[in-house]
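Accompanying notes for the structure given below.
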Amino acid sequence: MSFLSETLSRVKPSPTIAVTTLAGELKAAGKDVIGLGAGEPDFDTPENIKAAGIAAINAGKTKYTAPDGIPELKQAICDKFQRENGLDYTPQQVSVGTGGKQILYNALMATLNPGDEVVIPAPYWVSYPDMVLLAGGTPVIAPATLENNFKITPADLEAAITPKTKWLIFNSPSNPTGAGYSRDELKGLTDVLLRHPHVWVMTDDMYEHLAYDGFEFCTPAQIEPALYDRTLTCNGVSKAYAMTGWRIGYAAGPVELIAAMRKIQSQSTSNPCSISQWAAIEALNGPQDFLTTNNAVFKRRRDLVVSMLSEIPGVTCPVPEGAFYVYPSIAGLIGKTTPSGVTIDNDETFSRALLEETGVAVVFGAAFGLSPNFRVSYATSDEALRTACERIQAFCAKLT
Ligand SMILES: Cc1ncc(COP(=O)(O)O)c(C=O)c1O
């Protein structure tokens, strides 16, 4: 009998780790590797936010805080929801955690019993299904298609719901596709949820501020106020404010759920870093103009990558509405062979051969639940992106 818990046997190791490890090994061996795998902005945290963190240290704000956040940050979060999303929440309805990841995990741990199902549209962020499994629930994947720009339809959602469904996890703009649901598309989904009062929605709005071409971000409780009492609206400062290492995520929802999440956090990690909480207040309350500047850079990079990958015969690369990812399909390359004799039978083989033969590290689509695709993170310099895309073009041109 294994010493390790049975829970662990339900969870697979992160499939992205294989690519990252191989990329690290090749780099260590002196190979010129361009990493397009990282899910974090290459920008530095804005100076005013860093200064708020330093001021917090100097003011001695370095002690334990309330387990799920200081009142000042909870108020800043309520103000943000009111200002940006038209949502009314009180501080008792807010939970602050160590990154968006802990918030989602706490919510699943707080609510799932064996047999409970969680609907997860695919392509999905790699952690959702495994978090559901860790919490004892059953992930139910609702596949989207490239033809529908990686978004599920109301009929797809309807088909995935059963009497055992507890949550829908919704993520727009999405990791890994960058797809963003329009107001009408989201309304189609919330209408389905209205017909199933036992289903709650956990909306992961992490990429809210990373949207291009005038895309209008919207979130379920704003689109359908009747869902307010069964919605957990999750967000965080990691991506928009270039604060991935500070580890602050937050959510707002019904008081009873927030209290249950607090109980879990108080018996596991306790409060998120006190210094980061003060910095997050500055992120939410301070100047927001750098978002426009950063988004202009991201949009330029997105357009560069989409246009260069779209030139490749056999590759289809939809233009995403937001985030900093593209998710091209390689359906037209399946069955071809590299000059060194590797047959591209799926997206994992493609990504591995691409890395070994050109030094470009991408993440294969099977990790995100939709194949044959790969994910490119364009949160890196224009120069690195141009070189990487040239290498991908050359690699594909040599396939026979
Ligand atoms: C969709 C999505 N949700 C949540 C997270 C977690 O964010 P955090 O770094 O704040 O834990 C990520 C990070 O990659 C993400 O892509």
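When a ligand or atom number is given, it counts from 1 through the structure's own listing order.
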(message) Evaluate Asp191 against Lys187 for salt bridge (charged side-chain N to carboxylate O under 4.0 Å, His left out), listing each step before the verdict.
(response) CA-CA 6 Å; Asp191 283 350; Lys187 183 80 176 69; 2.7 Å; yes
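- Ion pairing between a basic and an acidic side chain is recognised when a charged N comes within 4.0 Å of a carboxylate O; Lys151 and Asp156 show no such pairing.
- Ranking the protein heavy atoms by distance from atom 3 (N) of ligand 1 puts Asp204 OD2, 2.5 Å first.
- Note: Phe298 and Phe324 have tilted aromatic rings, judged against thresholds of 30 and 60 degrees for the angle between ring planes.
- Ligand-side atoms of ligand 1 in range of Asn171: 1 (C), range being under 4.0 angstrom from any heavy atom.
- Of the protein's non-hydrogen atoms, the one nearest atom 7 (O) of ligand 1 is Met206 CE, 3.5 Å.
- If you number the atoms of ligand 1 from 1 as listed, the ones under 4.0 Å from a heavy atom of Ser238 come out as 8 (P), 9 (O), 10 (O).
- Among pairs with a residue in residues 307-320, those fulfilling side chain to side chain donor-acceptor pair (under 3.5 Å) read Glu311-Gln393, at least two apart in sequence or across chains.
- Side-chain atoms of Arg230 never come within 3.5 Å of backbone atoms of His198 as a donor-acceptor pair (strictly under, hydrogens ignored).
- Heavy-atom contacts of Gly99 reach the following atoms of ligand 1: 10 (O), 11 (O) (cutoff under 4.0 Å).
- The aromatic rings of Tyr327 and Phe150 stand perpendicular to each other, their planes meeting at an angle above 60°, with 30° marking the opposite boundary.
- By the 3.5 Å distance cut-off applied to N or O atoms, Thr244 is not counted among the residues near ligand 1.
- The protein heavy atom nearest to atom 14 (O) of ligand 1 is Lys239 NZ, 2.6 Å.
- The six-membered or imidazole ring of Tyr181 lies near that of Phe170, with a centre-to-centre distance under 6.0 Å.
- In this structure, the protein non-hydrogen atom closest to atom 5 (C) of ligand 1 is Trp125 CH2, 3.5 Å.
- Closest protein heavy atom to atom 9 (O) of ligand 1: Arg247 NH1, 2.8 Å.
- Note on Lys61 versus Glu72: no salt bridge recorded, every NZ/NE/NH1/NH2 to OD/OE distance being 4.0 Å or above.
- Heavy-atom proximity to Tyr128, at under 4.0 Å, picks out these atoms of ligand 1: 1 (C).
- At least one N or O atom of Gly100 sits closer than 3.5 Å to an N or O atom of ligand 1.
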